[in-house]
Protein chains: 2
Amino acid sequence: MDESLPTTDAQAPGEQTRLRILDAAERLFAERTYDRTSVRDITEAAGANQAAVNYHFGGKDLLYRAVFDRLLAQLREQRIAKIAGAMREGDPTLESLLRAFATAFLEPLIDGADGMRRVVQLMSREMVAPHLPAEVFIKELADPVLRAMLEAMGRVRSGASEGAARLCVLSMVGQLVQLVRMRQMLMDVEQAVVPVSDVGVLVDHVVRFSVAGFEACLGGGESS
Amino acid sequence: MDESLPTTDAQAPGEQTRLRILDAAERLFAERTYDRTSVRDITEAAGANQAAVNYHFGGKDLLYRAVFDRLLAQLREQRIAKIAGAMREGDPTLESLLRAFATAFLEPLIDGADGMRRVVQLMSREMVAPHLPAEVFIKELADPVLRAMLEAMGRVRSGASEGAARLCVLSMVGQLVQLVRMRQMLMDVEQAVVPVSDVGVLVDHVVRFSVAGFEACLGGGESS
């Protein structure tokens, strides 16, 4: 798929092979599960040979880890960038911060193309049949994003208890994950329990609900 | 395991066999997934013969459905009973209603014995590799509990918009599911991101956060 692109330093032949293997592995692990995907399946799909998997990644388990490292880095950078963006605006408030967070979280997962549906599938499979230690998710995604949120919240809301703030962020993440899950479920069901068509409506709801929830739980006062 | 109980009409030999098969199937489907569990595995664990599965259930797929029917009925009845209990109390409020709901949801999943850990495992497996139509979960669990909540909310809070109320209940369920998931994840991780030891703290947080969220989103006014 990259063949038509000009070869740059970042896309030297070896690097192209590495990326093709990574892309094929991501797709196959998502579609078939870890156990039902062989190194041969991946190299066939990637047009590479089995030695290339060992050369670039060191084996199937480390390739799986590399797939998640790339994925978690993408999600982490997207979310942290949105939080930073909200804080650079003229007069950041609790509401503008939470809106940026909800948008960063929902938009790619709901409106994304096949790629993001794959992310959800891959993450769910890993949750049920884990092949990676839970620390990976905490360290590569949950913790850095939580730290960015707590730091930003300290600026829009001084004197808030950090323990309460952590639980509040968790309350918000739970709502967002549930909306993604329900939406996928309800797309198969004719009778729509919730309005699922409009991401904007969902973001508005989560932001309004959560601003009130944060206010009630955080303590402290509005900064500046 | 039921052999020591006196045989009543409800536990005639055939009924005992049916229950033993159901119990064994629940355990094995949760431990090994649907695909990796054979009818033979189940009948061996249940001390029954394969004909009994066909006689009582009509095959592996209908046995799987029967396992979920029993499970979803249990969860549904527990939750609806707690909601009804809260509404029978002297002066039900939005807070007492949401507290009853959070407790009904978290307590069995967090403090339950192996049985409830199995429920979580079984539900997660089904979510990732569905063998049942999504309608089953909507019809047997989500919808009836949602209806009970909306009816109760109409009594503690008149004039609330039903669309907003649905989204609010979803916001609460999302928080609760996320807490169960994070707690399981964090039990493996030394560094605890949130205080996970005390169910009471978690219930208090979700109730405080959600009462404020409902108030902000529902519209209408306090009843009576």
Side-chain angles (χ1 to χ4, degrees), chain A residues 33 35-36 120-130 133-135 137-139 142-143 146 163-164 166-182 184-191 193-195 201-202 204-218, chain B residues 33 35-36 120-121 123-130 133-135 137-139 142-143 146 163-164 166-182 184-195 201-202 204-218:
Chain A
T33 78
D35 291 329
R36 287 188 205 153
V120 176
Q121 183 78 340
L122 208 51
M123 299 273 257
S124 312
R125 290 202 188 288
E126 170 62 25
M127 226 184 291
V128 174
E135 290 96 68
F137 294 86
I138 309 271
K139 282 188 190 148
D143 244 14
L146 181 60
R166 280 169 192 269
L167 282 174
C168 283
V169 174
L170 206 60
S171 278
M172 191 158 178
V173 170
Q175 293 176 67
L176 295 167
V177 172
Q178 183 75 358
L179 283 175
V180 174
R181 199 186 303 116
M182 282 304 282
Q184 290 193 315
M185 205 178 193
L186 292 171
M187 285 194 296
D188 303 333
V189 180
E190 278 189 66
Q191 155 220 32
V193 178
V194 288
V201 171
L202 300 181
D204 283 348
H205 165 75
V206 172
V207 170
R208 183 186 291 197
F209 191 97
S210 299
V211 166
F214 275 79
E215 299 278 4
C217 296
L218 276 187
Chain B
T33 77
D35 291 330
R36 286 189 206 153
V120 177
Q121 183 78 340
M123 299 273 259
S124 313
R125 291 202 187 287
E126 170 62 25
M127 225 183 294
V128 175
E135 290 95 67
F137 293 86
I138 308 272
K139 281 189 190 147
D143 243 14
L146 180 61
R166 281 168 192 269
L167 282 174
C168 284
V169 174
L170 206 60
S171 279
M172 191 160 179
V173 170
Q175 294 176 67
L176 296 166
V177 172
Q178 182 73 0
L179 283 175
V180 174
R181 199 186 302 117
M182 282 303 282
Q184 291 192 314
M185 204 177 193
L186 293 171
M187 286 193 296
D188 304 333
V189 180
E190 278 190 67
Q191 154 219 33
V193 178
V194 288
V201 171
L202 300 181
D204 282 348
H205 165 75
V206 172
V207 170
R208 184 186 289 197
F209 191 96
S210 298
V211 166
F214 275 79
E215 299 278 5
C217 296
L218 276 186

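Bear in mind the structure is a predicted one, so any value in this text is a computation, not a measurement. Computed from heavy atoms alone, side chains included, the values below leave out hydrogens, waters and symmetry copies. Residue numbering restarts at 1 for every chain, and letters A, B, ... go by the order of the sequence lines.
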- From the list A:Ala164, A:Ala142, A:Gly174, the residue making the most non-hydrogen contacts under 4.5 Å with chain B is A:Gly174
- Rounded to the nearest 0.5 angstrom, the CG-CZ distance for B:Leu167 and A:Arg208 is 11.0 Å
- Query: Who passes side chain to side chain donor-acceptor pair (under 3.5 Å) against B:Glu126, sequence neighbours left out?
  - Reply: B:Tyr64
- Identify the two heavy atoms, one from B:Gln178 and one from A:Leu170, that lie closest to each other, and give their separation to 0.1 Å. CG-O, 3.9 Å
- Closest approach of A:Phe209 to B:Phe214 (non-hydrogen atoms, all atoms of both residues): CE1-N, 3.6 Å
- Those residues that, when tested against B:Ser171, pass side chain to side chain donor-acceptor pair (under 3.5 Å) (two or more places apart): A:Gln175, A:His205
